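Notes to accompany the following structure.
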Amino acid sequence: MQGGPDLAWPARWPLWLFAGYAALALALYWPALEGPFVSDDFAYLVTHPYTTPLSWQNVLAILDPFGPAKLYAANYAPIHLLLTALELHIFADALAGYHLVNVAIHAACALLCTAWFRRAGLGFHAALAGGLFFLVHPANVEAVAWASQLKTNASLAFALGAILCWGRAPVAAALLFAASLFTKASGLFAWPTVAALAWCERMPLRRALAWLSLWGAIAVLFAIPEYASFSHLGAVEVEAFADPWVHLRSVAAVGARYLVMAVTGYGLSAFQEPDPSLSWLDPWWLLALPAGAALAVRAVRALARRDPESAFWVAAASSFAPVSQVFPFLNPVADRYLYCILPGLIGGALCWGRALLPARALRAAPVRAAIVGLGALWLAGFGLWSFSRATLWQSETKLLLDAARHYPDGGTAHYLRARSAAQRGDVATAIASLRIATTRGIDRFTVLENDPGLARIRGAPEFQALLRDMAERWIELAHRRGYTTQPELRMLGMAYVVRGELPEAVAAFEGALAAGGPADDTVRAELAEARARLAQRADGESGGAPTR
């Protein structure tokens, strides 16, 4: 954690600083500490068959880059799954434990950000302000309060550790980079970042190429199973992106949204659903043009000067790239995606601000007082905002209502309207809203089948027709992508059952049983039930007469 003789930290400062950051983070996230599992938490912490129990068999399955474990969450993230399995083993149903781990890692990330800012030559107070800004930023609430987002803050902690070790402990840096990648793909940003650092710090070319090549080999080894998993389950087709100009504008608009969110917090929302940028007059696209150009010019000039500032801009850009929608996925924008982008933006902005305000101006008492006052207000405002947003994680209903408030025409809003209409017995309104919701990402027929909020309309012919339509789309997708693992074939069988295509359901369940996996007992029961229903149908068609 040393940054040269003029940037040295007193020996105990990191410990005291971490303690302060952790205490502040605990105060901000206190409302969420007993929050229940929501949304993706169930995929990782409740229904994932490989994260519990913590056994050697499950550990080996999690590590297998070509096994089915990675297909339960559309990403190859073995370290995240191993950490999750360890959490489940330790905490079980003690919800606060999962949240406290995230809070502690978040405080560690803030400390590592502060150390990186110091290493870049920023003064202690500027670095401290940057670390506090990251710690209290309200966009980070989603990444910290959401239990399964352990993958996001742990990946960033490993990546920041790798950046700080680069050039001083290269073996440790490479191991930390690998840990970051195999926790979450967003850790890839550390690779171009250290390339920029090698350039700025004038590392000998041969040494730099050797270590960068090792990092590249690690990235390739990760990319093979990650691409297979993402393309199999995570990628989506956005109809509007058939127009390349719409796709380009949308990527730029997403970048502008994150910039505004980073500076002001404007645009925060649970489960965001922004539309593609269909018009050349889209304000987000128009904002992206000057903002993107200014940042690009600043980054290029910093690189030309071999200024460490450039590494921050490279980090921000390379952190944005995976979530930019260049390769579309289901959630085009999310508060948590800003988590890995923020350190680069904060560091770059601090360096830029130092250049704009010469030392002579900073020595003036009124200027210093104004900067301190505005900074304190900014941090206090963001801190109160974070505390407020942490309360949303006390229930999934609060999160859904927040999403519906910010995106009144989104899938979540229509789904909530459908539930409300269903509870009134208004079948027509409920089905109309559900059909819209299914086109906006809420497309799993099993969710609708099991939602108690839709119980009153479950027997309606219109509801059953909707389920059959949703199941048919899933069957088409399964055949197009060639699903072969047990969970995929089991889901295929369930879709056939919904459509009443029982011979096909039996074949799918038999395939799931032959594929093998942790759900063997469940699949056997579902297969027996499908066979029984098929036999009953055959008896009915034959008039109940005995068959040979």
Side-chain angles (χ1 to χ4, degrees), residues 42-43 47-50 61 66-74 228-229 231-237 330 427 430-431 434-435 437-439 441-452 454-455 457-548:
F42 291 94
T47 63
H48 201 298
Y50 294 101
F66 303 105
K70 70 180 187 297
L71 296 178
Y72 281 83
S229 181
S231 61
H232 197 57
L233 287 177
V236 298
E237 296 178 2
L330 186 58
V427 176
I431 297 301
L434 284 174
R435 287 197 175 277
T438 60
T439 66
I442 302 177
D443 58 355
R444 293 183 73 89
F445 59 90
T446 53
V447 172
L448 272 64
E449 279 186 310
N450 299 314
D451 187 345
L454 301 174
I457 65 169
R458 197 163 290 149
E462 299 93 334
F463 184 78
Q464 294 301 316
L466 173 62
L467 288 182
R468 289 193 295 272
D469 290 345
M470 295 174 70
E472 181 179 17
R473 289 196 294 271
W474 207 96
I475 291 168
E476 291 173 354
L477 180 65
H479 286 301
R480 187 165 68 248
R481 294 187 174 179
Y483 288 169
T484 59
T485 65
Q486 185 178 81
E488 294 167 340
L489 291 171
R490 180 187 171 221
M491 192 75 172
L492 180 60
M494 294 166 68
Y496 278 128
V497 168
V498 168
R499 291 191 54 76
E501 299 168 356
L502 295 178
E504 292 84 356
V506 167
F509 287 134
E510 288 174 341
L513 201 57
D520 280 351
D521 291 342
T522 303
V523 174
R524 285 192 187 94
E526 291 167 338
L527 174 59
E529 183 179 352
R531 283 172 172 167
R533 291 178 61 181
L534 185 59
Q536 289 175 354
R537 178 184 292 179
D539 286 345
E541 290 174 353
S542 63
T547 58
R548 294 182 182 181

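By convention here, the first residue in the shown sequence is residue 1. Values in this document were obtained by computation on a predicted structure and should not be read as measured data.
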What are the two closest heavy atoms between A495 and A471, and how far apart are they? O-CB, 3.6 Å
Would you give the length of the straight line joining atom CG of L489 to atom CE of M491, rounded to the nearest 0.5 angstrom? 12.5 Å
Separation between CZ of R499 and CD of E504, rounded to the nearest 0.5 Å: 10.0 Å
Between R490 and T522 the two heavy atoms that sit nearest each other are NH2-CG2, 3.4 Å
For I475 and L492, the nearest pair of non-hydrogen atoms, with its separation, is CG1-CD1, 3.9 Å
Over 12 non-hydrogen atoms of neighbours within 6.0 angstrom of CZ in R473: yes
Mind listing the side-chain donor-acceptor pairs of residues 505-521 below 3.5 Å, one per line with the distance, residues two or more places apart or on another chain?
residue: E510; atom: OE2; partner: R531; partner atom: NH2; Å: 2.7
residue: D520; atom: OD1; partner: Q486; partner atom: NE2; Å: 2.6
residue: D520; atom: OD1; partner: G517; partner atom: N; Å: 3.3
residue: D521; atom: OD1; partner: R524; partner atom: NH1; Å: 3.0

So how far is it from F463 CZ to R468 CZ, rounded to the nearest 0.5 Å? 11.5 Å
With a cut-off of 6.0 Å (strictly less than), are more than 12 heavy atoms of other residues, nucleotides or ligands near CD of E462? yes
Once you round to the nearest 0.5 Å, how far does CZ of F445 lie from CG of L466? 12.0 Å
List the atom of R537, the atom of L502, and the distance in Å for their closest heavy-atom pair. NH2-CD1, 3.5 Å
Gap separating the CD1 atom of I442 from the CG atom of D451, nearest 0.5 angstrom: 10.0 Å
With side chains defined as the heavy atoms from C-beta onward, is the minimum distance between E526 and V497 less than 4.5 Å? no
Could you measure the distance from the OG1 atom of T446 to the CE atom of M470? Nearest 0.5 Å is fine. 8.0 Å
